[in-house]
Protein chains: 2
Amino acid sequence: MREGDNAYQIIWLTRRLFRALAQKSDESLQDLGISAAERAVMEFLHPDERLSVPEIAERYQVSRQHVQVMVNSLLDAGLLATHKNPRHKRSPLIALTERGKGMFRTIKTRDSKAVRKLFSKVAEKDRQITRKTLESLLEELNSHDH
Amino acid sequence: MREGDNAYQIIWLTRRLFRALAQKSDESLQDLGISAAERAVMEFLHPDERLSVPEIAERYQVSRQHVQVMVNSLLDAGLLATHKNPRHKRSPLIALTERGKGMFRTIKTRDSKAVRKLFSKVAEKDRQITRKTLESLLEELNSHDH
DNA sequence: CATTATTGACAACTCTATTGTCAATAGTTA
DNA sequence: TAACTATTGACAATAGAGTTGTCAATAATG
């Protein structure tokens, strides 16, 4: 546990941070009646993106079926709407409705505040390095690992 | 999605990275027949820690009941064993068995290789900054947020 | 000694996500 | 154009990590 190793710690911290963030996020989303996974889907469509379910799945790097469930739920809630897809007749494009946009703006505003507070003690330069490091790790993981 | 904002991106990357790491970790653990959550518990006991279930839960920041399930499963598998707890008669101390230690060494060896490869393109200085940044975020989240 | 707290065991549930399957219909190619 | 293949949406079953709640037993403590 008490490894001095930075690399190892970063991995461990990622897990911890993920859980802590997820919890926070859930709290914040609760009164809006949407889940973190639904929120993530909305993010891909914000503010005016039009994507089919399989396209969202690809970007989200999550199974098509999972995205479908989230999208259907958001359609039911009136936060998303379907539009004709010129590229595929059976697979409509999904976009935020006005209500959806409104809600996502609310979410974003809340998030911004929380994020600002969260990062208040981290220098901009360190943020950038951290971001690049994490990007590099993700890239390495996705680069056809063996 | 395409925020230039480093802070926001770090949060997003944390999620993505977590999922990618979890997947990798699961793969690596599969043939050993233990789950990531069980592995995490083992980590707290490695190499010679003796902790009660509630103590592990506290360090792991996870519910006592959840840890109990993981510990019971590892006890059944012969990877952990109980020892008398001088501080509490009904709550034994849990420790790795020899088999448990052996298995965890295997896990660690594998991990070390993977981690080394994963971080091969990240400078030591950047690792440190990243680690400190993530630590700072976690601290901020746990610091009796409001 | 009486009271309160802790523990282990069990259950029910949530959330995110996966895999598999199916029928319908779209693209594509011979 | 007809035949074939791929994609899509819908549905189901499953898994993993974790939570909350409850209960009885037993510890610790005033």
Side-chain angles (χ1 to χ4, degrees), chain A residues 14-30 32-44 51-76 80 82-94, chain B residues 14-30 32-44 51-76 80 82-94:
Chain A
T14 299
R15 290 165 186 271
R16 296 297 269 272
L17 199 51
F18 172 81
R19 289 217 305 115
L21 286 170
Q23 201 176 321
K24 260 271 191 277
S25 176
D26 284 349
E27 274 172 35
S28 163
L29 255 33
Q30 203 162 14
L32 300 174
I34 66 165
S35 71
E38 285 164 349
R39 187 224 125 106
V41 166
M42 290 178 84
E43 183 130 35
F44 284 95
L51 299 171
S52 70
V53 166
E55 282 168 345
I56 299 168
E58 198 182 354
R59 300 201 187 185
Y60 195 1
Q61 303 236 65
V62 144
S63 74
R64 181 173 68 76
Q65 290 89 333
H66 178 55
V67 173
Q68 188 77 55
V69 171
M70 298 302 122
V71 165
N72 288 351
S73 161
L74 290 166
L75 284 169
D76 287 352
L80 300 183
T82 59
H83 300 273
K84 282 203 194 78
N85 184 354
R87 296 190 296 288
H88 198 298
K89 282 199 180 157
R90 248 186 75 218
S91 193
L93 295 178
I94 313 295
Chain B
T14 299
R15 291 166 186 271
R16 295 296 268 274
L17 199 51
F18 171 81
R19 289 216 305 115
L21 286 170
Q23 201 177 321
K24 260 271 192 279
S25 176
D26 284 349
E27 272 172 37
S28 163
L29 254 33
Q30 202 162 13
L32 300 174
I34 67 164
S35 70
E38 285 165 349
R39 187 223 125 109
V41 166
M42 290 178 84
E43 182 129 35
F44 284 95
L51 299 170
S52 70
V53 166
E55 281 167 345
I56 299 169
E58 198 182 356
R59 299 201 187 185
Y60 195 4
Q61 303 235 65
V62 142
S63 74
R64 181 173 66 76
Q65 290 89 334
H66 178 55
V67 173
Q68 188 77 53
V69 171
M70 299 302 121
V71 165
N72 288 352
S73 160
L74 290 167
L75 285 170
D76 287 351
L80 300 183
T82 59
H83 300 272
K84 281 205 196 76
N85 185 353
R87 296 190 297 287
H88 197 298
K89 282 198 182 158
R90 248 187 75 219
S91 192
L93 295 178
I94 313 293

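Reminder, nothing fancy here: chain letters follow the sequence lines and each chain counts from 1.
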Nearest-nucleotide wise, let me know which of B:Val69 and B:His88 is further upstream toward the 5' end of DNA chain C.
->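 The residue closer to the strand's 5' end, by nearest nucleotide, is B:His88.
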
To check you understand the geometry: which heavy-atom pair defines the closest contact between [X] and [Y], and what is its length?
X: B:Glu38; Y: B:Leu74; answer: O-CD1, 3.6 Å
X: A:Ser52; Y: A:Asn85; answer: CB-ND2, 4.3 Å
X: A:Leu93; Y: A:Glu55; answer: CD2-OE1, 4.2 Å
X: B:Arg59; Y: B:Phe44; answer: CB-CE2, 3.6 Å

Where chain B begins and ends its contact with DNA chain D, read 5' to 3' at 4.0 Å from heavy atoms |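 It runs D:dA17 to D:dA28.
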
With A:Arg64 via salt bridge (Lys or Arg N to Asp or Glu O under 4.0 Å) - residues at least two apart |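 Counting only residues at least two positions away or on another chain, A:Arg64 forms no salt bridge (Lys or Arg N to Asp or Glu O under 4.0 Å).
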
How long is the gap from CD1 on A:Ile94 to CE on A:Met42, to the nearest 0.5 Å?
->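 Taking CD1 in A:Ile94 and CE in A:Met42, the distance rounds to 13.0 Å.
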
Assign the ring pair B:Phe18 / A:Phe18 to parallel, tilted or perpendicular, where the plane angle (0 to 90°) is split at 30° and 60°.
-> parallel

Given DNA chain D, 5'-ward residue of the pair A:Pro92 and B:Pro86, judged by closest heavy atom = A:Pro92

Could you state the CD1-P distance from A:Ile34 to C:dT14, rounded to the nearest angstrom?
->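 Rounding to the nearest Å, CD1 of A:Ile34 and P of C:dT14 are 18 Å apart.
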
Which pairs, protein N/O on one side and nucleotides 15-19 of chain C N/O on the other, fall under 3.5 Å?
| from | atom 1 | to | atom 2 | distance (Å) |
| --- | --- | --- | --- | --- |
| C:dT16 | OP1 | A:Ala36 | N | 3.1 |
| C:dT16 | OP1 | A:Ala37 | N | 3.4 |
| C:dT16 | OP2 | A:Ser35 | OG | 3.2 |
| C:dA17 | OP1 | B:Arg19 | NE | 3.3 |
| C:dA17 | OP2 | A:Tyr60 | OH | 3.1 |
| C:dA17 | OP2 | A:His66 | NE2 | 3.1 |
| C:dT18 | OP2 | A:Ser63 | N | 2.7 |
| C:dT18 | OP2 | A:Ser63 | OG | 2.9 |

Do A:Glu43 and A:Arg39 meet the salt-bridge criterion of a basic N to acidic O distance under 4.0 Å?
-> yes

Base, sugar-phosphate, or nothing for B:Val53, non-hydrogen atoms under 4.0 angstrom?
->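 It contacts sugar-phosphate atoms only.
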
Using a cut-off of 4.0 Å on non-hydrogen atoms, how would the nucleic acid contact of B:Arg87 be classed: base, sugar-phosphate, or nothing?
-> sugar-phosphate

